[in-house]
Amino acid sequence: MTIYTNINMDMDTRIDILGEAKIESPIAKELNGSRQEIFKDDNERVLIELEAKKITEAIQEGTIPPSFELAGPRKKIYFDPSKLKCALVTCGGLCPGLNNIIRSIVLELYHSYGVRHIYGIRYGLQGFIPEYQHDVQDLSPANVVDIHEMGGSILGSSRGPQDIEVIVDCLERMNIGILFMIGGDGTLMAASKIDASIRQRGLKISVIGVPKTIDNDIHMVSKSFGFDTAVDIATGAIKGAHKEAEGYPNGIGLIKLMGRYSGFIAATATLAQQDVNFVLIPEIDFDLEGPNGLITKLQERLAQRKHAVILIAEGAGQKFFESHKAEYDPSGNIKLHDIGLFLKEQIQKYFAARDMDISLKYIDPSYMIRSLPANSNDHVYCTFLGRDAVHAGIAGKTNMIIGHWNDHFVHVPVPLTAGKRKHVVAGDKLWQTVLEATGQGSLVHP
């Protein structure tokens, strides 16, 4: 649940195209005029702002409220499917649903449009670079039919930047018409650079992104795939932590979940399984000791109820490591310090100094969650995303992602979303409901 309170009424939502779409879609021939309403027009749009007052004010000021193109098949397409070659690549961290996206793209290309040349690029952007010598994988319905039942990505992945010009050299050599890039913020920024190089060379290659992050923090996308599965599995960890905590006097269940910059998984899982007493996320500050400190309130909770459950996102509490030297991963992300183990040690030290026995169980299901198959909700969601990505690419659209906004699948320009993040906002309904469910109040010194 995300509310954007500061939507720019002047944002540019135009989608780039390779050229005029002149070819009749093969989907139209299959329908024989029976269901022509499935086709969408570029003029069919979804308003970004839903608040009536803001829309009215924009119109009164002579501003057209911003909107996104509606995703879906077009009557006319740009590429000739019989001659089209497509490539798929998955980049960055693993996430539930990667194989589902691959499967839906391949099945839509093959069965709906008759595309027969579909290639999987192995191990992320490394797969384009000759020196790594990664094989290219042929993709067809026969070898993707069951992959949605598996976790991970059948194409593998990698982190870190690669030479953009060498990537485009590879696309040109392979005569690729559409490149589908499945990944997070770093991947989307790379997609924009790849598109820029393609244009500079005067090539006709469509670059379509499918946004991926288990953290659900992609800007201007209401929900990313894999998030539902992450919340689903996280609730199991909460149940286990709660039972462990209840089973011993002064029992404490401490769970660390993913969420580098945004606490959507932790906040949503808390509401899905309301056995959590304290939730710590990157967006909301907290102190350890003092009148409102976490450990102070934890001690009060144990005195009253004899047990407690604490849920923490991996990016929370990084202020406690300010004296440590910053390190970075191959993608350029700062390496987070382990707030879970730090908090475990601080809690144990605090109560040991007061001769108070506690039973603390620490649970970190993060990498298990990342690599598991998608649940039913995410499987359906991935089906929509993958198939709409195909419709957009075939129509000649480029430098865009398939997003979800106001209950519709839409086309979002990459420049509008790359390099920005969505966050839990203190005054929004999600966090306010978390506070009501946990009763934790402020954890910062007054």
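The basis for the numbers below is simple: all heavy atoms, side chains too, and nothing from hydrogens, waters or symmetry mates.
- The pair Asp42-Lys397 counts as a salt bridge, with a side-chain nitrogen and a carboxylate oxygen less than 4.0 angstrom apart.
- For Ser104, the side chain to side chain contact (heavy atoms under 4.5 Å, CB included) partners are Arg387, not counting sequence neighbours.
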Intermediate values then yes/no, salt bridge (Lys or Arg N to Asp or Glu O under 4.0 Å), Asp364 and Lys256: CA-CA 5 Å; Asp364 181 357; Lys256 186 181 79 172; 3.5 Å; yes
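- Residue pairs meeting the salt bridge (Lys or Arg N to Asp or Glu O under 4.0 Å) criterion with at least one partner in residues 216-230, sequence neighbours excluded, are Asp217-Arg421, Lys223-Asp228.
- Inter-residue side-chain proximity for Ile101 and Val210 is flagged as met; some heavy-atom pair is nearer than 4.5 Å.
- Proximity of a side-chain donor or acceptor of Trp405 to a complementary backbone N or O of Ile48 within less than 3.5 Å is detected.
- Remark: Leu435 engages Trp431, Gln432, Gln440 in a side chain to side chain contact (heavy atoms under 4.5 Å, CB included) (not counting sequence neighbours).
- The shortest side-chain heavy-atom distance between Thr438 and Phe278 does not fall under the 4.5 Å cut-off.
- The shortest side-chain heavy-atom distance between Leu343 and Leu288 falls under the 4.5 Å cut-off.
- More than 12 heavy-atom neighbours from other residues, nucleotides or ligands sit within 6.0 angstrom of NZ on Lys85.
- For Ser222 (side chain) and His404 (main-chain N/O), a donor-acceptor pair under 3.5 Å exists by modelled atom type.
- By the ring-ring contact (aromatic ring centres under 6.0 Å, His included) test, Tyr123 pairs with His134, sequence neighbours left out.
- At most 12 heavy atoms of other shown residues, nucleotides or ligands fall within 6.0 angstrom of atom OH in Tyr367.
- Applying the ring-ring contact (aromatic ring centres under 6.0 Å, His included) criterion to His307, with sequence neighbours excluded, gives His242.
- In this structure the side chain of Glu244 never reaches within 4.5 angstrom of the side chain of Ile363, judged on heavy atoms.
- For Ser262 (side chain) and Lys422 (main-chain N/O), a donor-acceptor pair under 3.5 Å exists by modelled atom type.
- Remark: side-chain polar atoms of Thr433 are paired, donor with acceptor, to backbone N or O of Lys429 under 3.5 angstrom.
- Taking both residues in full, the closest heavy atoms of Gly259 and Ala313 are given as O-CB, 3.8 Å, listed atom of the first, atom of the second, then distance.
- When the salt bridge (charged side-chain N to carboxylate O under 4.0 Å, His left out) test is applied to Glu172, the partners found at least two apart in sequence or on another chain are Arg201.
- The salt bridge (Lys or Arg N to Asp or Glu O under 4.0 Å) analysis of residues 86-106, with sequence neighbours excluded, yields no pairs.
- The two residues Val144 and Val106 have their closest heavy-atom pair at CG2-CG1, 3.9 Å.
- The closest side-chain heavy-atom distance from Ile15 to Pro413 is below 4.5 Å.
- A donor atom on one side chain and an acceptor atom on the other are not found under 3.5 Å apart for His219 and Thr417.
- Not one N or O on the side chain of Asn399 forms a donor-acceptor pair closer than 3.5 Å with the backbone of Val414.
- With a 6.0 Å radius and a threshold of 12 heavy atoms from other residues, nucleotides or ligands, Phe384 has its CZ atom at or below the threshold.
- Partners of Met174 according to the side chain to side chain contact (heavy atoms under 4.5 Å, CB included) rule, which considers only residues two or more places apart in sequence or in another chain, are Tyr119, Ile121, Val136, Cys170, Ile176.
- Residues Leu94 and Ile214 fail the side-chain proximity criterion, which asks for heavy atoms closer than 4.5 Å.
- For the residue pair His379 and Asn100, a side-chain donor N or O sits within less than 3.5 Å of a side-chain acceptor on the partner.
- Here the side chain of Lys344 pairs no donor or acceptor atom with the backbone of Tyr362 at under 3.5 angstrom.
- In this structure the side chain of Leu336 reaches within 4.5 angstrom of the side chain of Gln318, judged on heavy atoms.
- Scanning both residues, Leu155 and Gly120, for their nearest heavy atoms gives CD2-CA, 3.6 Å.
- Checking side-chain atoms of Ser157 against main-chain N and O of Gly92 turns up a donor-acceptor pair under 3.5 Å.
- Using a 4.5 Å heavy-atom cutoff, the side chains of Ile310 and Ile347 are in contact.
- Considering all non-hydrogen atoms of both residues, Gly290 and Thr296 come closest at O-OG1, 2.6 Å.
- For the side-chain contact (heavy atoms from CB on, under 4.5 Å) test with His411, the passing option among Lys40, Arg45, Glu69, Arg14 is Glu69; the others fail.
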Residues Ile312, Leu257; criterion side chain to side chain contact (heavy atoms under 4.5 Å, CB included); working and verdict: CA-CA 6 Å; Ile312 185 165; Leu257 296 176; over 6 Å; no
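- Between the side chain of Asn250 and the backbone N or O of Asp357, at least one donor-acceptor pair lies under 3.5 Å.
- A pairwise comparison of heavy atoms in Pro65 and Ile55 identifies CG-CG2, 3.9 Å as the closest pair.
- Scored by the ring-ring contact (aromatic ring centres under 6.0 Å, His included) test, Phe128 finds no partners at all (sequence neighbours excluded).
- Side-chain atoms of Lys212 come within 3.5 Å of backbone N or O of Gly93 as a donor-acceptor pair.
- In the displayed structure, Lys243 atom NZ is contacted under 6.0 Å by at most 12 heavy atoms of other residues, nucleotides or ligands.
- Annotation: side chain to side chain contact (heavy atoms under 4.5 Å, CB included) contacts of Ala352 (sequence neighbours excluded): none.
- Pairing each heavy atom of Ala245 with each of Val309, the nearest pair is CB-CG2, 4.5 Å.
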From CA spacing to verdict: ring pair (Phe, Tyr, Trp, His ring centres under 6.0 Å), Tyr381, Phe227: CA-CA 11 Å; Tyr381 192 61; Phe227 177 69; over 10 Å; no
Trace of the side chain to side chain contact (heavy atoms under 4.5 Å, CB included) decision for Leu107 with Thr383: CA-CA 10 Å; Leu107 294 182; Thr383 294; over 6 Å; no
Full working for side chain to side chain contact (heavy atoms under 4.5 Å, CB included) between Ile208 and Met181: CA-CA 6 Å; Ile208 304 294; Met181 298 185 67; over 6 Å; no
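- Side-chain atoms of Asp195 and Thr398 include a donor-acceptor pair closer than 3.5 Å.
- Checked against Tyr350 for a side chain to side chain donor-acceptor pair (under 3.5 Å), the options Glu345, Glu289, Gln299 give a single hit: Gln299.
- Evaluation of the ring-ring contact (aromatic ring centres under 6.0 Å, His included) rule for Phe286 yields Phe320 as partners, not counting sequence neighbours.
- At distances below 3.5 Å, not a single donor-acceptor pair connects side-chain atoms of Asp378 with backbone N or O atoms of Asn375.
- Evaluation of the salt bridge (Lys or Arg N to Asp or Glu O under 4.0 Å) test over residues 310-319, restricted to residues two or more places apart or in two chains, returns Asp285-Lys319, Asp287-Lys319.
- No hydrogens or angles considered: a donor-acceptor pair under 3.5 Å links the side chains of Lys361 and Ser359.
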